[in-house]
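What follows is a set of notes on a single structure, which appears directly below.
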Protein chains: 2
Amino acid sequence: MSDSPSLDPVQLGAYFDLIEVTSLLRHAVEQQLRESGDLSYVQFQLLARLGDSPTGSHRMTDLADGVVYSRSGLTYQAGLLEKAGLVVRAPSPDDERSVTVTITDAGRALLAKVLPGHIEVVSGLLFEPLSRDDVKTLAGLLAPVREHMRSTPPRSAAPRRRKDGA
Amino acid sequence: MSDSPSLDPVQLGAYFDLIEVTSLLRHAVEQQLRESGDLSYVQFQLLARLGDSPTGSHRMTDLADGVVYSRSGLTYQAGLLEKAGLVVRAPSPDDERSVTVTITDAGRALLAKVLPGHIEVVSGLLFEPLSRDDVKTLAGLLAPVREHMRSTPPRSAAPRRRKDGA
DNA sequence: TATTGTTATACTCTATAACTATA
DNA sequence: TATAGTTATAGAGTATAACAATA
């Protein structure tokens, strides 16, 4: 019973706007990705992540780390991407338990095809009303929040109520 | 007419952080809502919206407006909420075509039960690393973006490219 | 034993189209 | 004809648990 938690109006407004903005943005982006490349947002994220890598590869576990999913969900998505010829899976050389996912040329090509429209949507929807300084400020605010969330263990979703004792 | 669209590093960082932050936040919030009230986020949003209304009611169409969904999706969710006794549906008095959704006492009770934990998660995850001024700044940045998105027609998701017709 | 990944399965959610009824 | 909502249905996505293989 420490703090009767509540949000002041400013916090509430920021929270609601954050949810609405990203919800609308995500919706628009998903539509664009689906139309221009038949990709879901998650699939795009996975491809983009692989494309960013110098080797074009990542282990399954590393991929999962960024996209929050369950392992089975990642396996499902990786399976779809592989079936579409956009990635290849192979056992990792150093650790036989691991699977290394690698983006194919077709994957890179699709990424390149989809990216301009993606950027266009983000640019036109998210950044249009923001000045360069605004964006800098926004980035400066979000970065520490991201760090905080990353370092906060997921079970803290229900911090005061542990189920397994404690 | 392509303006060879691209995002500068600052924009890219802001965009990625925005996606990651809200993704993590949403995940945490959904978990809390599910555990404490067996509600999905959408259902919570609908309940909260009804709870905020002075009458405790909204027409289906008005509800849909805020939650972006297809009408059938809203019907589905409203059906679930009604089956759980959290809302009631009745034909609107003034327009026989419309349906008025009203939150029940049980709905309000559930809302009250779930809200503290919800706020706790948002507070601890999103606002913890932000000062009061930071939040004010964030709200000030997001509000115009929200307005811009609201006023931008959805089909603009792919503005320059009609179909896939290159 | 712990970790990595897959499979099977069940469930939730969303979208499309056809349909009813009111305006 | 246009609007409000429902239904049927199909598909995508996600999570859990059991499983196999390697460390």
Side-chain angles (χ1 to χ4, degrees), chain A residues 23-24 26-35 37-47 57-84 87-102 154-155 157 163, chain B residues 23-24 26-35 37-46 57-84 87-102 154-155 157:
Chain A
S23 179
L24 291 172
R26 180 117 178 197
H27 204 263
V29 162
E30 277 178 344
Q31 193 172 316
Q32 185 270 327
L33 290 173
R34 182 65 68 191
E35 285 172 2
D38 199 36
L39 286 175
S40 73
Y41 193 68
V42 175
Q43 289 157 11
F44 169 74
Q45 279 183 304
L46 293 176
L47 276 188
S57 300
H58 274 304
R59 296 185 332 167
M60 291 287 283
T61 298
D62 300 333
L63 278 178
D65 279 352
V67 192
V68 185
Y69 280 6
S70 57
R71 278 186 304 251
S72 70
L74 178 56
T75 297
Y76 171 73
Q77 293 294 347
L80 290 183
L81 292 175
E82 186 168 48
K83 200 182 307 182
V87 306
V88 171
R89 278 183 292 185
S92 301
D94 47 310
D95 186 337
E96 283 288 325
R97 292 173 305 182
S98 292
V99 167
T100 295
V101 186
T102 306
R155 39 275 194 196
K163 41 176 160 185
Chain B
S23 179
L24 290 172
R26 180 118 179 195
H27 204 264
V29 162
E30 277 179 345
Q31 192 172 318
Q32 186 270 327
L33 290 173
R34 183 65 68 190
E35 286 172 1
D38 200 35
L39 287 175
S40 73
Y41 194 69
V42 175
Q43 290 158 9
F44 169 74
Q45 279 183 304
L46 293 175
S57 299
H58 275 303
R59 297 184 330 164
M60 291 288 283
T61 297
D62 301 332
L63 277 179
D65 280 351
V67 193
V68 186
Y69 280 7
S70 58
R71 279 183 307 246
S72 69
L74 179 56
T75 296
Y76 171 73
Q77 293 294 345
L80 290 183
L81 291 175
E82 187 168 47
K83 199 182 309 181
V87 307
V88 171
R89 278 183 291 186
S92 300
D94 47 309
D95 187 337
E96 283 287 325
R97 292 174 305 180
S98 292
V99 166
T100 296
V101 187
T102 307
R155 39 267 193 205

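Note that the structure is predicted; figures quoted are calculated from it, not measured. In what follows, chains carry the letters A, B, and so on, assigned in the order in which the sequence lines appear, proteins first and then strands, with residues in each chain numbered from 1.
Among the heavy atoms of the strands lying under 4.0 Å from S98(A) are primed sugar atoms or P, OP1, OP2 only; no base atom is included. S40(B) comes within contact range of the sugar-phosphate backbone alone, with a heavy-atom separation under 4.0 Å but no base atom that close. Using a 4.0 Å heavy-atom distance criterion, L63(B) is classed as making no nucleic acid contact. Across all strands, E30(B) comes closer than 4.0 Å to no nucleic acid atom at all (heavy-atom distances).
If R97(A) and M60(B) are placed on DNA chain D by their nearest nucleotide, the residue sitting closer to the 5' end is M60(B).
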- Task: Just do the side chain to side chain contact (heavy atoms under 4.5 Å, CB included) check on Q45(B) and L33(B) with the steps written out, would you?
- Result: CA-CA 11 Å; Q45(B) 279 183 304; L33(B) 290 173; over 6 Å; no
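Residue side chain S72(B) reaches the base of dA15(C) through a donor-acceptor N/O pair under 3.5 Å, judged by distance alone. Below the 3.5 angstrom threshold, one finds a donor paired with an acceptor across the side chain of R71(A) and the base of dG5(C).
For the OP1/OP2 pair of dA12(D) and a distance below 4.0 Å, the side-chain nitrogens and oxygens of Q43(A) include no atom meeting the criterion. In terms of phosphate contacts, H27(A) brings a side-chain nitrogen or oxygen within less than 4.0 Å of OP1 or OP2 of dA15(C).
Checked by atom type and distance alone, the side chain of Q77(B) never pairs as donor or acceptor with a backbone atom of V42(B) at under 3.5 Å.
Taking the side chain of T61(B) as heavy atoms from C-beta on, and the options dT16(C), dG5(D), dA15(D), the nearest nucleotide is dG5(D).
Counting to the nearest Å, the C1' atom of dA23(C) and the CZ atom of R59(B) are 12 Å from each other. Rounded to an integer number of Å, the gap from CG of D94(A) to C1' of dA23(D) is 12 Å. We find that CD of E96(A) is positioned 6 Å from P of dA23(D), with the value rounded to whole Å. In this structure, the CG atom of D95(B) is 15 Å from the C1' atom of dT20(C), given to the nearest Å. The OH-P distance, from Y76(B) to dA10(D), rounds to 16 Å in whole Å. One can place CG of L74(A) at 8 Å from P of dG5(C), the figure rounded to the nearest angstrom. Between the CG atom of L39(B) and the C1' atom of dT12(C) there is a distance of 14 Å, given to the nearest Å. dA15(D) atom P lies 11 Å from atom CZ of R34(B), rounded to whole Å.
Screening L63(A), V87(A), T102(A) for a side-chain contact (heavy atoms from CB on, under 4.5 Å) with S57(A), the sole residue that qualifies is T102(A).
Salt-bridge check for R26(A) with E30(A): passed, with a basic side-chain N closer than 4.0 Å to an acidic carboxylate O.
Taken to the nearest 0.5 Å, the OG1 atom of T61(B) stands 8.5 Å off from the CG atom of L74(B).
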